[in-house]
Undergrad: 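Below you will find the structure I want to go over with you.
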Amino acid sequence: MPELPEVEVTRRQLSPLLVGRTIRAVATTRPSRFFVTPPRTLARRLLGRRVLTLERRGKYLLARLDDDARLLLHLGMTGQLFAAGIPGVRLLSSTRGSALAPEQQAEAFRPDSHTHLIIRFSDGGPDVLFRDVRKFGRVQWLAAGESSPRLDRLGVDALQARPADLWSATRGRRRCIKALLLDQSVLAGVGNIYADEALFLAGVRPSRRAGRVSRAEGHRLLAGLKRVLQRSLATGGSSISDYIQPGGGRGRYQDERRVYGRTGEPCRRCRTPIVRRLIAQRGSHFCPRCQS
DNA sequence: AGACTAACCTGAAAGC
DNA sequence: TGCTTTCAGGTTAGTC
């Protein structure tokens, strides 16, 4: 699922497809929760606007427009932002990424019922598409100066966090450390995969009470978190379920996972089978021997 | 404060 | 084989 690295990879690849271009047409699917701003309103507001910047805040993407309005995007669980006409996207969007037949790889994506937003530009170049099978993603238009509770709630971006940020958030807290890591108001951008990976690197069980995490462990936790986030960024993110890059490529970080989705497989450090348990209402993976 | 639940959504996987 | 049930999870909202 898209977390900080996937969203940042998306931002980097989507930037040149958006920034500096003027919107000529907008096509959408029917109104749904996907559209925080109703599709017709959205289309009206975007028409004729030029995109000035594309930035990331936690798992959100924020496009600034030339009228000082902003377009807020969230990929949710299965969101895919990409350029139209690139080969193979439809097939790559299926889970598990089985091997593709060569003739299928050359097949270009055509908008389907899950393609909720299509943006066309005045330069006639490639369209930008937002596809989301489960519709957990969000699109919202923000007027100039309009605040957004979603954005305002976010804590420090996980890549910018300092040990003191995590330390102060854990002091005296009874909730488990995994829940705290997933709390976007504490560290923005962390999701299930990287929380589990970071906890493994720090040797801390996801079920441990946050207040019981020592200063040294907290330090290791944040260092481990940044390490896995940076490494994932460098490998193009994790293409575990539906994530694809705007250019159609797949990330490779899933090959480097230490615990996430490795239930029953041997721990890479001690060979003990990785355990999966429901913690903080999330599937949580850890090594029962390496993490305490 | 925070644990828990429901809701949203669909396709894959598991169950029968 | 084929139909049915379960499951996955980011975020918000609401209850206790």
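Side chains included, hydrogens not; waters and symmetry mates left out as well; all remaining heavy atoms used. Sequence lines set the chain letters: A, B, ... in the order given, protein chains first and strands last, and positions in each chain run from 1.
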Undergrad: Under the rule for side-chain hydrogen bond (donor to acceptor under 3.5 Å, both in side chains), what residues qualify as partners of A:Arg220, not counting sequence neighbours?
TA: none
Undergrad: Using a cut-off of 4.0 Å on non-hydrogen atoms, how would the nucleic acid contact of A:Gly137 be classed: base, sugar-phosphate, or nothing?
TA: nothing
Undergrad: Please enumerate all residues that pass side-chain hydrogen bond (donor to acceptor under 3.5 Å, both in side chains) together with A:Arg21, with sequence neighbours excluded.
TA: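 Counting only residues at least two positions away or on another chain, A:Arg21 forms a side-chain hydrogen bond (donor to acceptor under 3.5 Å, both in side chains) with A:Asp123.
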Undergrad: I need the NE2-C1' distance between A:His74 and C:dG10, as an integer number of Å.
TA: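 One finds 6 Å between C1' of C:dG10 and NE2 of A:His74, rounded.
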Undergrad: Mind grabbing the angle between the end helix axes of the helix from B:dG2-C:dC16 to B:dC16-C:dG2? Five pairs an end, 10° rounding.
TA: 60°
Undergrad: I'd like to know if the side chain of A:Arg40 reaches the main chain of A:Arg44, judged simply by a donor and an acceptor atom lying under 3.5 Å from each other, with no hydrogens or angles considered.
TA: no
Undergrad: Taking CZ from A:Phe130 and C1' from B:dC9, how many angstroms apart are they, rounded to a whole number?
TA: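 It works out to 14 Å between those atoms.
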Undergrad: Closest nucleotide of DNA chain B for A:Lys135 versus for A:Cys176: which of these residues is on the 5' side?
TA: A:Cys176
Undergrad: Looking for any heavy atom pair under 4.0 Å, which part of the strands does A:Gln184 touch: base, sugar-phosphate only, or nothing?
TA: sugar-phosphate
Undergrad: Using only heavy-atom distances, decide whether a donor-acceptor pair under 3.5 angstrom links the side-chain of A:Arg134 to the base of C:dA8.
TA: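 A donor-acceptor contact between them is present.
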Undergrad: For A:Leu73 and C:dG10, give me the distance from atom CG to atom P, rounded to whole Å.
TA: 18 Å
Undergrad: Planes under 30° and centres closer than 5.5 Å, is that true for A:Phe136 with the base of B:dC8?
TA: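 Stacking between A:Phe136 and B:dC8: present.
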Undergrad: For the backbone of A:Tyr253 and the side chain of A:Glu256, can you confirm whether one donor and one acceptor N or O come within less than 3.5 Å of each other?
TA: no
Undergrad: Is A:His114 near enough to B:dC9 that one of its side-chain N or O atoms lies under 4.0 angstrom from OP1 or OP2?
TA: no
Undergrad: Measuring to OP1 and OP2 of C:dG10, would you say a side-chain N or O of A:Arg282 lies under 4.0 angstrom away?
TA: yes
Undergrad: Excluding sequence neighbours, so at least two apart, what forms side chain to side chain contact (heavy atoms under 4.5 Å, CB included) with A:Arg205?
TA: A:Ser207, A:Phe286, A:Pro288, A:Gln291
Undergrad: Take atom CD of A:Gln140 and atom C1' of C:dT12, then tell me their distance rounded to the nearest Å.
TA: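 Whole-Å distance recorded here is 13 Å.
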Undergrad: What is the distance from CG of A:Asp132 to C1' of C:dT11, rounded to the nearest Å?
TA: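 Those two atoms, CG and C1', are 13 Å apart.
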Undergrad: Of the candidate nucleotides C:dT12, C:dA8, B:dG2, which contains the atom at the shortest distance from the side chain of A:Arg276?
TA: C:dA8
Undergrad: Quick check for you: among B:dA1, B:dC4, C:dT11, whose closest atom lies nearest to any side-chain atom of A:Gln281?
TA: B:dC4
Undergrad: Which whole-number value in Å describes the distance from A:Glu6 CD to C:dG9 P?
TA: 14 Å
Undergrad: Mind checking side-chain hydrogen bond (donor to acceptor under 3.5 Å, both in side chains) for A:Asp127 and listing every partner two or more places apart, or none if nothing turns up?
TA: A:Arg120
Undergrad: Determine whether a donor-acceptor pair (N or O, by modelled atom type, separation under 3.5 Å) exists between the side chain of A:Thr28 and the backbone of A:Pro39.
TA: no
Undergrad: State which residues pass side-chain hydrogen bond (donor to acceptor under 3.5 Å, both in side chains) with A:Arg49; sequence neighbours excluded, sorted by chain then number.
TA: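 If we apply the side-chain hydrogen bond (donor to acceptor under 3.5 Å, both in side chains) test to A:Arg49, skipping adjacent residues, the hits are A:Asp66.
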Undergrad: Could you tell me the separation between the CZ atom of A:Phe34 and the P atom of C:dT11, rounded to a whole number of Å?
TA: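 One finds 15 Å between P of C:dT11 and CZ of A:Phe34, rounded.
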Undergrad: Within the structure shown, what part of the strands sits under 4.0 Å from A:Tyr194 by heavy-atom distance: base, sugar-phosphate, or nothing?
TA: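 Result for A:Tyr194 = nothing.
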Undergrad: Return the nearest nucleotide to the side chain of A:Tyr60; candidates are B:dG2, C:dT11, C:dG10.
TA: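 Minimum distance to the A:Tyr60 side chain belongs to C:dT11.
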Undergrad: With a 4.0 Å limit, can you tell me whether A:Arg173 has a side-chain N or O closer than that to the phosphate oxygens OP1/OP2 of B:dG2?
TA: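 For A:Arg173, the contact criterion (side-chain N or O under 4.0 Å from OP1 or OP2 of B:dG2) is met.
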Undergrad: Whole Å only: how far is the CE atom of A:Met77 from the P atom of C:dT11?
TA: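 Whole-Å distance recorded here is 10 Å.
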Undergrad: Compare side-chain N and O positions of A:Arg153 against OP1 and OP2 of C:dT12 and report whether any pair is under 4.0 Å apart.
TA: yes
